[in-house]
Each structure stands twice: as structure tokens, then as C-alpha cells.
> 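Here's a structure for you.
The sequence lines fix the lettering, A, B, ..., with proteins before strands; numbering per chain opens at 1.
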There are 4 protein chains.
Amino acid sequence: MRLTGRERRQKILQAAKKLFASKGFKGTTTQKLAQEAGLSEAGLYKYFKNKQEIYEEILNQKIQDIDFYFPSGQQPKNNLKIELRECAIRFLQRNIQDTTFLKIILYSALEENDFLFSFLKEVRKKFFTPIKKSIKKGIENKKIKNFDEDILAKLFFSMIYYTLLLKTLFKDESFDAYKIEEIVDLIIEIFFKGVESE
Amino acid sequence: MRLTGRERRQKILQAAKKLFASKGFKGTTTQKLAQEAGLSEAGLYKYFKNKQEIYEEILNQKIQDIDFYFPSGQQPKNNLKIELRECAIRFLQRNIQDTTFLKIILYSALEENDFLFSFLKEVRKKFFTPIKKSIKKGIENKKIKNFDEDILAKLFFSMIYYTLLLKTLFKDESFDAYKIEEIVDLIIEIFFKGVESE
Amino acid sequence: MRLTGRERRQKILQAAKKLFASKGFKGTTTQKLAQEAGLSEAGLYKYFKNKQEIYEEILNQKIQDIDFYFPSGQQPKNNLKIELRECAIRFLQRNIQDTTFLKIILYSALEENDFLFSFLKEVRKKFFTPIKKSIKKGIENKKIKNFDEDILAKLFFSMIYYTLLLKTLFKDESFDAYKIEEIVDLIIEIFFKGVESE
Amino acid sequence: MRLTGRERRQKILQAAKKLFASKGFKGTTTQKLAQEAGLSEAGLYKYFKNKQEIYEEILNQKIQDIDFYFPSGQQPKNNLKIELRECAIRFLQRNIQDTTFLKIILYSALEENDFLFSFLKEVRKKFFTPIKKSIKKGIENKKIKNFDEDILAKLFFSMIYYTLLLKTLFKDESFDAYKIEEIVDLIIEIFFKGVESE
DNA sequence: CATGAATGAGCATTCATTCAT
DNA sequence: CATGAATGAATGCTCATTCAT
């Protein structure tokens with residue numbers, strides 16, 4: 001099958017996403033990768049310098065997804081709760097539907113892939129900055145408990161993330177009785193009541 | 001050093017726990033394993049059929065550790081907050097120090113290990129039952145918001161678990177500025193204020 | 001850049017000379033070769049059957065260079081020392097600047113290339129004949145020790161050749177402190193004093 | 001075939017010497033090496049960390065040969081000429097009989113093997129030091145022309161070395177008419193007359 | 001009981017070469 | 001005429017496992 005470079009490249013990335021998600025980086029051999037992408041092993045190296053580069057390209061593409069979660073320009077304006085609600089819903093919907101990214105991240109963390117850690121730093125900076133800013137404003141307005149906004153932002157996200165883990169990775173069915181929106185509303189409510197300043 | 005068969009076996013398992021936890025299953029070679037356990041590679045195969053069997057034996061041992069966190073049958077008596085606080089601190093301390101269990105669970109989940117899922121069901125039942133009971137009592141006393149106690153219990157745990165993930169798996173250093181106790185106290189505070197009935 | 005077939009061919013050969021000289025035959029990949037010659041790898045095969053053929057063509061060209069050192073038929077006329085001095089300087093300068101020939105000869109000798117040996121016979125005949133004639137005259141004039149002029153000629157050349165080896169192949173820096181002319185003058189002095197008849 | 005570790009190690013080194021000498025370092029594949037040594041490729045790596053290490057071991061063993069050329073304790077005492085004569089004869093005899101070392105060095109130099117260059121530095125230091133010292137003494141005694149003793153020592157050796165190259169590598173038969181001793185005597189005579197101070 | 005010796009299968013990667021367009 | 005797409009065959013090296021001693 002003769003494809004253009006662009007098409008082949010995409011096919012390789014697609015195959016890699018699938019395999020990295022199901023087998024991890026180490027568990028994905030170039031042989032399987034080539035097979036899945038429909039070309040020879042040697043062919044892979046015309047498009048990517050090495051296996052690691054394929055992996056990095058996948059992660060780097062995913063960084064752009066963050067903008068998808070915060071679509072209205074990088075910063076929640078008026079209403080933090082509404083922004084966060086929508087962001088969380090979008091995050092859950094997308095990652096429940098396609099668990100590739102979640103799994104790649106976890107596999108890489110387990111394999112202690114060095115690139116992942118620098119990637120995660122970047123992601124956390126981009127992802128949490130808008131939330132942290134809003135929380136900071138809340139703290140300044142004495143609406144939110146005076147505590148490290150970084151920690152608070154991550155604790156908020158923890159409930160979203162664990163929900164995702166339970167639904168996708170751990171096959172816990174107890175959340176299935178509720179719509180995503182209901183869960184998110186509950187989390188938002190608990191978090192904001194919980195961090196209210198007294 | 002002349003050891004009995006039983007001792008040798010234990011030494012191998014000990015070495016394996018250490019290595020699997022820090023390097024993962026694939027990252028642990030039989031060479032390093034033998035070296036760490038103080039015998040030849042060939043020797044490993046006198047005690048275990050193969051590498052997989054060593055891994056499984058550790059998994060089984062680790063699973064039994066769960067009782068450590070939740071002394072069997074024990075039920076939070078007087079003060080849920082205090083019970084939960086101690087349980088959470090114990091959970092974090094142990095799993096930060098030895099990440100084997102956390103990693104094994106995640107690896108198994110990623111590999112869609114069927115045994116894991118039924119095991120997890122069991123764990124969740126054991127783990128969450130005492131918390132859920134207390135929450136239920138709180139709901140009945142109108143102290144806690146009237147919502148599915150299963151979900152509430154898991155949302156509480158989510159913050160503990162994500163803290164663990166950030167510290168151990170994702171190499172996020174932002175929690176390192178605080179003692180575990182401080183983080184747990186914050187989580188407890190947020191959660192209980194957050195779920196308070198109005 | 002649109003080149004004629006002839007030009008392209010020349011460009012490939014030029015690139016190949018450069019690369020073979022600095023990286024050797026095995027160290028020169030068709031990829032680098034194509035890049036250096038400014039065309040695609042596939043393009044190389046329009047002009048040459050394979051890599052070996054490029055190598056052989058260069059070898060042939062280099063062999064013809066020999067005439068440069070020993071303008072054909074030329075015989076040292078008046079002053080052997082001056083002739084030899086200039087020939088040696090030319091030989092060293094050229095081969096230090098472009099080591100292709102030196103390396104090709106050595107590679108071929110190591111590979112016991114039969115063609116090389118008959119070629120070398122020819123070269124030695126051409127190369128040493130003028131020197132030998134002059135030495136013979138010196139012997140007849142009782143100026144030079146009476147010994148096999150073939151051996152004497154080769155011993156003279158040995159110092160020139162080893163100087164070349166040290167400087168180019170063996171990366172010995174001790175000759176770098178001197179100009180080529182100084183070294184050659186020293187060699188000439190030692191040789192002629194050394195072979196003087198008593 | 002079941003050999004002891006020591007025997008196998010020796011067999012590998014022997015095979016490597018043979019192959020490196022006839023094919024060069026790059027031209028010697030681990031496959032051929034294993035085959036020649038009578039074990040599997042994987043087996044090689046029980047005895048050596050990698051191909052390079054085998055190569056280095058061979059060279060390092062050869063460094064001891066230098067003591068063989070200067071057997072009477074490291075420094076020529078009374079008579080430099082006699083010492084050098086014997087050293088040169090021993091050098092030629094040994095390397096004519098077994099050209100392995102000569103060829104390995106040349107191949108490595110052509111392949112620009114980094115380890116070779118540091119090895120050569122070591123060798124030159126050890127090999128030329130005694131000769132240089134004697135020459136220096138000669139210079140101080142005004143018996144030898146006042147010139148860089150390093151260069152002089154190397155020019156002496158150049159005639160020995162080129163003789164070796166012609167006889168072994170370049171298949172030049174003109175030296176075959178003479179005994180090694182005769183050639184060496186001639187070289188010694190030419191060199192010492194040539195460098196005599198006036 | 002213990003291990004040194006040995007390996008088949010597999011790994012990521014490279015390379016010279018071919019061929020459809 | 002030129003090349004992008006493609007690969008078979010190799011390369012150095014690793015690993016879990018076996019077996020004779």
C-alpha cells in the first residue's frame with residue numbers, strides 16, 4: 001500500500017497511540033508498531049528518529065488539548081464555578097470516550113519515562129494556572145480559605161481525576177448511575193463549600 | 001552464606017518487591033534480581049517457575065497488606081474524622097515509602113487483568129464499607145448532605161489517592177512543602193465542610 | 001539546481017572522495033553521500049550501479065594522480081637532493097591535505113586486494129626508478145655506499161612515508177611543531193649522510 | 001562444546017584477533033565472532049561488555065609485548081646501537097611471523113577508532129622513551145646531531161616499520177633477498193652515520 | 001543444593017538498494 | 001530525469017530461561 005508521507009506519519013502516530021495505551025512504551029515493540037501502521041520496521045525510521053520521538057510527538061500533540069478544556073480564552077472571567085464546571089465536564093467526557101491519553105500517561109509514569117515528567121510539568125503549569133489564578137482572587141476577596149492555591153487547585157482536580165480513573169481504568173460501576181454533569185456538580189459543590197473562608 | 005530453602009525464597013521475594021517497585025516488572029531483569037537476592041540467576045528457577053510467578057506471589061502478599069489499613073471488622077466508633085484522618089495518614093505514609101502496591105494495582109489495571117477487577121471489587125467493599133456506614137449515619141443525623149454515600153466516600157478518598165499519585169508516580173514536588181498530616185487535615189476539613197448539610 | 005548528467009556524476013564523485021577519505025568506505029553511508037552530492041539516495045543509482053562502483057571509480061582516478069608526483073619520464077638531472085626534496089614535499093603536502101589515496105591503498109592492502117598488489121608493483125617501478133637511477137650513479141661515482149639501490153631508495157622513502165602516517169593516520173602531533181620542509185630537509189640530510197661512501 | 005570460562009574467553013580473544021586483523025573492527029560482526037569462537041552471540045556478552053571491550057583487551061595485552069622488545073630492563077645501557085639492533089630484529093621477526101597486531105592497528109587507524117589513538121599515545125611513550133633517552137645522551141655528548149630527539153627516534157623507527165609494511169602488507173619481494181639482520185644493520189648504519197654530529 | 005555455561009528469541013536501529021510515480 | 005516511499009537483511013546487544021556438572 002503506497003501512502004503519502006503525511007498519511008503514513010498519521011498512521012504511525014495512530015498505531016502508536018493505540019499500542020502505547022494498551023501495552024505501554026516498553027511493551028510496544030517497533031515490530032508491532034510497524035505491523036499496526038502497515039509498513040516495515042525500517043520504514044518507521046524514515047518518519048521518526050526513534051521510538052521515543054514517536055512517543056514525544058504524541059504527548060506534544062496532546063498538550064494542545066488543554067486549550068480545548070479552557071476554550072474561552074485562557075482565563076476564567078466572571079464565574080469560576082461555571083468555568084470549572086464546563087472544563088471538568090469536557091475533560092471527563094473526552095477522556096472517558098478516548099482513554100488513550102490517560103493510559104499513556106499512567107504507563108509512562110510507571111515506566112519512569114523521563115520525558116513524561118518534563119511534559120507533565122509543562123502540562124500542570126498550563127492546566128492549573130487559570131484555576132490557580134481564580135482561586136487566588138477568591139482568597140484575596142476573602143471568599144476562599146487562605147491556603148496554597150496550588151494545593152487547592154490540585155485537590156479540586158483530584159476528585160475529577162479519580163472519577164475518571166474509577167470509570168475507565170478500575171471499572172467501578174457505581175458512578176454509572178449518575179450523569180457526568182451530576183457528579184461534576186457534586187464535586188464543585190463540595191469543593192467550594194469546603195474551601196469557603198469562614 | 002548457607003540459607004534454608006524458606007529463607008532463600010523470602011530473600012528472593014524481598015529483592016523482587018524492592019526491584020519491581022522501583023523498576024516495574026519489565027524493568028526488573030532476572031540478572032539484577034539474582035544479584036540483589038544473593039544467588040545465581042539459575043538459582044531463581046529452583047524456587048519459582050518463572051519471573052511472572054515471583055510477581056504474582058508478591059501481588060498476593062501485597063493484597064493481604066490491605067488489612068493493615070483497615071483492621072478487619074473495625075468500624076469507626078466515635079469520631080469519623082479522627083478515624084479517617086489516621087487511616088489516611090497510615091495509607092499515605094506506607095504507600096509513599098513503598099510504592100509497590102500502588103504500582104502493581106495500576107499496572108494490572110492497565111493490562112486489564114481480570115483478576116484485578118474482581119479483587120478491586122472486594123477491596124473497595126472492605127475499604128469503603130466503614131466510611132460509608134459513618135457517612136450514612138451522618139446523613140441520617142442530617143449532619144451530612146443527603147447524597148449517595150458510596151460516591152461521597154470515593155470522593156473523599158480521591159483526594160488522598162491523588163495526593164499519593166502526585167507525590168510518588170508523577171513526581172510533583174508541590175506537596176513536598178507540607179507534612180502529610182497537614183495535607184490530610186486540609187482534605188478532611190474541605191471534605192467535611194463540603195458535605196455538610198445546610 | 002539543474003545539472004547535466006556529467007556534472008551530477010562529477011558532483012557525486014567529489015562528495016564520495018571527501019567522505020571516503022574522512023570516514024572510510026564502511027563509514028560512508030549512501031544517505032550522507034546523497035546529501036553531500038545534493039540529490040536523493042535513489043538518484044545515486046542512476047549514475048552508479050552501487051556504492052562499490054563509486055569507490056572503484058575514485059580509486060582509478062586517484063591512481064592516475066601518481067603522475068603528479070613523478071612527471072612521467074622525468075629524471076633527476078643535476079641534483080638528486082633537490083629533486084628528491086621537491087618530490088617529497090609535494091608528496092607530503094598533497095597527501096596530508098587529502099588522505100584518500102593513502103587510505104585507499106592501505107584499505108586495499110589489508111583486504112588483500114589482488115589488483116592492488118599488481119598495481120603497487122607498477123607504482124613502485126614508476127616511483128622508484130628515477131631515484132634508483134640516481135643512487136646507482138652515486139654508487140658508481142663512489143659517492144654512495146655500495147648497496148642494493150632498490151633497498152636504499154625504499155629506505156629513503158620509508159622516512160617520508162612514516163612521517164605521513166604519523167601525521168595523518170596515527171594522529172601523532174609531534175611533527176606538527178615543524179614545517180614539512182624542515183622535516184624533509186632533515187630526512188634528506190640524514191639519508192645522504194647515512195649512505196655516503198666512506 | 002562445554003568449555004570453562006577461561007578457555008572460552010581465550011577462544012573469543014583468539015577469534016577476535018584473527019577477525020579484526022582480516023576484516024577490521026567494523027567489518028567484524030558479533031555474529032562471525034561468535035561463530036568463530038564457537039558459541040552464541042549472546043554468549044559473547046557473558047565474557048565481554050561489548051565488542052569494543054574485546055578490542056581493547058586485545059590491544060592492552062599487546063602493550064606488554066613492548067617489554068619483549070626491550071628485554072634487558074627498560075633502558076639501553078652501554079651500547080645504543082647494539083640494543084637498537086636487537087630490539088629492531090625482535091620487532092621485525094615477531095611481526096613478520098604474526099601480522100595480527102600490525103593489521104589491527106592499521107585497520108583501527110583507518111576506522112578512526114578513538115581507543116586506538118589513546119592506546120597509541122601510551123605505546124609511543126613506552127616504546128620510544130628508551131630510544132629517545134639514549135639519543136639525548138648522544139646529543140649531550142655531541143655525538144649526535146642536535147635535533148629534537150623525538151623526531152630522530154621516530155625517523156629511525158620509520159625505516160624499521162616501512163620494512164615491515166613492505167614485507168607483510170604490500171607483498172614487496174625485494175627485501176626477501178636479504179636476511180632481517182642485514183636490513184637492520186644497514187638501517188642502523190645509515191641512521192647513525194646520518195645523525196652524527198659534525 | 002547451587003551455579004557456570006550456554007542460548008533462542010527478541011529488541012531498537014541502520015543500511016544499501018528498489019520501484020512506482 | 002528525479003525522488004519519495006518502501007524494505008530485506010543485518011547489526012550490536014539484552015533477556016528469561018535451561019541444563020550439565
> A side-chain contact here means heavy atoms from C-beta on lying under 4.5 Å apart; do A:Thr30 and A:Asn50 qualify?
no
> For A:Ile104 and A:Lys17, work out which heavy atoms get closest and say how close.
CD1-O, 3.9 Å
> Is there a side-chain contact between D:Tyr47 and the phosphate of E:dA6, meaning an N or O under 4.0 Å from OP1 or OP2?
yes
> Please state how far atom CG in D:Leu33 lies from atom C1' in F:dA10, giving the value in whole angstrom units.
16 Å
> When you match C:Ser40 and A:Ala42 each to their closest nucleotide on DNA chain F, which lands nearer the 5' end?
C:Ser40
> Taking the side chain as every heavy atom from C-beta outward, state whether A:Leu106 and B:Leu169 have any atom pair closer than 4.5 Å.
yes
> Rounded to whole Å, how long is the line connecting atom CD1 of A:Ile54 with atom P of E:dA12?
10 Å
> Whole angstrom is fine here: how far is it from NZ in B:Lys49 over to P in F:dT17?
9 Å
> What's the OH-P distance between B:Tyr45 and F:dA16, to the nearest Å?
7 Å
> Return the pairing partner of F:dA16 with a 3.5 Å limit on both distances, Watson-Crick or G-U wobble; otherwise return none.
E:dT7
> Round to a whole Å and report the spacing from CZ of A:Arg2 to P of F:dT3.
15 Å
> Rounded to whole angstroms, how far apart are CG on A:Leu3 and P on E:dT21?
12 Å
> What contact category does D:Phe48 fall into here, base, sugar-phosphate, or nothing, at under 4.0 angstrom with non-hydrogen atoms?
nothing
> When the distance from CD1 of A:Ile12 to P of E:dT13 is rounded to whole Å, what number comes out?
13 Å
> Taking DNA chain F as the partner, which of residues 17-31 of chain D come within under 4.0 angstrom of it by heavy atom?
D:Thr28, D:Thr29, D:Thr30
> With distance as the sole test, does D:Thr28 use its side chain to make a donor-acceptor pair with the main-chain N or O of D:Leu19 at under 3.5 Å?
yes
> Return the value, rounded to whole Å, for the distance between atom CD of C:Glu41 and atom P of F:dC1.
20 Å
> So what does C:Leu39 hit on the nucleic acid, given a heavy-atom distance under 4.0 Å: a base, only sugar-phosphate, or nothing?
sugar-phosphate
> Partner lookup for E:dT21, please. Criteria are Watson-Crick or G-U wobble with both distances under 3.5 angstrom; report none if nothing qualifies.
F:dA2
> Name the residue closer to the 5' end of DNA chain E, choosing between C:Lys46 and D:Gly43 according to the nucleotide with the nearest heavy atom.
D:Gly43
> Closest-nucleotide mapping onto DNA chain E: is C:Leu44 or B:Gly38 further toward the 5' terminus? I mean the 5' end.
B:Gly38
> Are B:Glu56 and B:Gln52 close enough, and set up right, to give a side chain to side chain donor-acceptor pair (under 3.5 Å), and what steps lead you there?
CA-CA 6 Å; B:Glu56 279 164 15; B:Gln52 184 66 28; 3.1 Å; yes
> Assess whether side chain to side chain donor-acceptor pair (under 3.5 Å) is satisfied between D:Thr4 and D:Glu7, documenting all intermediate values.
CA-CA 5 Å; D:Thr4 68; D:Glu7 288 167 332; 3.2 Å; yes
> Please list, chain by chain and in numerical order, all residues satisfying ring pair (Phe, Tyr, Trp, His ring centres under 6.0 Å) with B:Tyr55, sequence neighbours excluded.
B:Phe20, B:Phe25
